[in-house]
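Remarks on the structure that follows.
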Amino acid sequence: MAKFQEASPEVEKLFDEVREKTSIPQWVEFRVLCNNKQKGEPVKLVKSNDLVQMLTEGVNFAVVVNEDIFSELPDDMKKLAFDEALAGVAVSDTDAVSLEKPDFSTYSGVLAKYGDSEVIKLKESVKSLYDAQKQKEDQEKAEKKGKRGRKKSVFS
């Protein structure tokens with residue numbers, strides 16, 4: 001048996017329904033495939049390189065589904081799995097398509113102990129602090145650069 005196969009029509013239909021509700025432009029092409037040996041995640045998004053895009057006539061992403069695991073999930077979790085995978089798709093102002101890394105990770109034990117809202121609040125607070133620190137450093141660099149540009153005259 002080949003490692004990758006066409007996904008079932010039911011899985012493709014559900015993917016299309018979830019994708020329709022995103023802000024991803026319609027010209028971004030996806031191909032839904034099945035790999036029941038895939039570990040870790042029931043749905044994985046893989047960005048196509050330039051060669052693959054040329055050979056597949058423009059497929060930007062492969063959506064790889066472990067249907068053995070995926071089919072056991074309740075319908076709402078199936079949609080969530082597709083939504084989570086699609087959340088990483090980014091399209092720039094110049095129409096460059098990319099796959100971003102997740103911006104959030106933690107341990108299930110921490111989530112169980114503190115709850116999702118507290119963990120999210122921590123992550124957002126830390127991000128804000130780093131952003132403020134970077135802004136302060138950039139401002140200090142700009143001020144130093146400005147002072148270096150003005151030399152005092154010995155005749156003034």
Side-chain angles (χ1 to χ4, degrees), residues 1-139 141:
M1 182 172 121
K3 187 173 182 178
F4 295 98
Q5 300 175 300
E6 293 295 324
S8 69
E10 297 82 25
V11 169
E12 285 190 37
K13 182 176 184 243
L14 182 61
F15 173 79
D16 289 341
E17 288 174 14
V18 172
R19 191 252 167 111
E20 285 292 320
K21 294 178 182 171
T22 70
S23 61
I24 300 169
Q26 289 300 309
W27 57 263
V28 176
E29 293 288 328
F30 294 89
R31 177 97 181 260
V32 184
L33 301 171
C34 171
N35 175 4
N36 289 329
K37 301 291 183 194
Q38 178 171 279
K39 305 280 186 217
E41 303 167 24
V43 176
K44 188 180 287 187
L45 203 60
V46 179
K47 171 91 171 68
S48 301
N49 63 32
D50 292 340
L51 176 61
V52 172
Q53 286 185 40
M54 200 275 300
L55 293 172
T56 60
E57 298 179 3
V59 173
N60 302 104
F61 295 96
V63 182
V64 185
V65 180
N66 180 328
E67 285 194 41
D68 289 345
I69 301 298
F70 190 79
S71 65
E72 298 296 318
L73 294 172
D75 288 346
D76 61 330
M77 294 213 173
K78 290 176 184 176
K79 290 178 182 178
L80 173 60
F82 279 142
D83 237 348
E84 183 180 35
L86 290 171
V89 175
V91 180
S92 73
D93 293 337
T94 60
D95 291 341
V97 180
S98 62
L99 182 59
E100 297 179 343
K101 291 184 180 183
D103 58 354
F104 184 88
S105 72
T106 192
Y107 299 95
S108 58
V110 173
L111 281 175
K113 183 175 181 179
Y114 294 99
D116 59 344
S117 62
E118 287 300 307
V119 176
I120 290 170
K121 190 185 317 180
L122 168 67
K123 299 284 185 177
E124 288 176 350
S125 297
V126 169
K127 184 182 181 313
S128 293
L129 290 169
Y130 276 110
D131 289 347
Q133 182 183 39
K134 179 159 178 20
Q135 186 175 10
K136 182 180 176 185
E137 290 170 357
D138 290 348
Q139 186 176 2
K141 283 180 186 176

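We're numbering straight along the sequence, starting at 1.
- A salt bridge is defined here as a Lys NZ or Arg NE, NH1 or NH2 lying under 4.0 Å from an Asp or Glu carboxylate O, and K79 with D83 fails to meet this definition.
- Comment: K121 engages E118 in a salt bridge, judged by a side-chain N to carboxylate O separation of less than 4.0 angstrom.
- Residues F61 and S98 approach most closely at CZ-O, 3.7 Å, considering heavy atoms.
- A distance of 13.0 Å separates OG in S125 from OH in Y130, rounded to the nearest 0.5 Å.
- For the atom pair OG (S117) and CG (L122), the distance works out to 11.5 Å, reported to the nearest 0.5 Å.
- Pairing each heavy atom of R31 with each of V59, the nearest pair is CB-CG1, 3.7 Å.
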Q: Start with the C-alpha gap between R19 and D16, add the side-chain angles, then the distance that decides, and say whether salt bridge (Lys or Arg N to Asp or Glu O under 4.0 Å) holds.
A: CA-CA 5 Å; R19 191 252 167 111; D16 289 341; over 6 Å; no
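- Contact between D116 and L111 at its shortest, heavy atoms only, is CA-CD2, 3.8 Å.
- Looking only at side-chain heavy atoms (C-beta outward), E67 and Q38 stay at 4.5 Å or farther from each other.
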Q: Test L86 against F15 for side chain to side chain contact (heavy atoms under 4.5 Å, CB included), laying out the working first.
A: CA-CA 10 Å; L86 290 171; F15 173 79; 3.8 Å; yes
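- By the neighbour-count criterion of 12 heavy atoms within 6.0 Å, atom NZ of K123 is densely surrounded, having more than that number from other residues, nucleotides or ligands.
- Ring centroid separation for the pair F82 and F30 does not come in under the 6.0 Å cut-off.
- Distance alone, capped at 3.5 Å, is enough to place a donor-acceptor pair between the S92 side chain and the A96 backbone.
- Taking both residues in full, the closest heavy atoms of L45 and A85 are given as CD2-O, 3.2 Å, listed atom of the first, atom of the second, then distance.
- Looking only at side-chain heavy atoms (C-beta outward), F104 and V119 come within less than 4.5 Å of each other.
- Side-chain contact between E6 and E12: present, with at least one pair of heavy atoms (C-beta onward) separated by less than 4.5 Å.
- With contacts defined as side-chain heavy-atom distances shorter than 4.5 Å, the pair K47/Q53 qualifies.
- Listed for the N66 side chain is a donor-acceptor partner under 3.5 Å among the backbone atoms of N36.
- Side-chain atoms of V32 and V65, non-hydrogen and from C-beta on, do get closer than 4.5 Å to each other.
- More than 12 heavy atoms of other shown residues, nucleotides or ligands fall within 6.0 angstrom of atom CG in D131.
- Side chains of K13 and E17 form a contact here, defined as non-hydrogen atoms less than 4.5 Å apart.
- Annotation: side chain of D138 is in contact with side chain of K134 (closest heavy-atom distance under 4.5 Å).
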Q: With side chain to side chain contact (heavy atoms under 4.5 Å, CB included) as the test, would you mind laying out the steps for V43 and V63 before giving the verdict?
A: CA-CA 7 Å; V43 176; V63 182; 3.9 Å; yes
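- Salt-bridge check for K141 with E137: failed, with every basic side-chain N at 4.0 Å or more from each acidic carboxylate O.
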(Q) As a quick check of understanding, evaluate side chain to side chain contact (heavy atoms under 4.5 Å, CB included) for L14 and E10, giving each step before the final call. (A) CA-CA 6 Å; L14 182 61; E10 297 82 25; over 6 Å; no
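- When all heavy atoms of E100 and A90 are compared, the pair lying nearest together is OE2-CB, 3.4 Å.
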Q: For side chain to side chain contact (heavy atoms under 4.5 Å, CB included), just list the numbers for E20 and Q26, CA-CA rounded to whole Å, side-chain angles, deciding distance to a tenth of an Å, and then say yes or no.
A: CA-CA 8 Å; E20 285 292 320; Q26 289 300 309; 3.6 Å; yes
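- Considering every non-hydrogen atom in both W27 and N60, the closest pair reads O-OD1, 4.1 Å.
- Put simply, the side chain of V89 does not reach to within 4.5 Å of the side chain of T22, judged on heavy atoms.
- The CG atom of L33 lies 7.0 Å from the CZ atom of F4; values are rounded to the nearest 0.5 Å.
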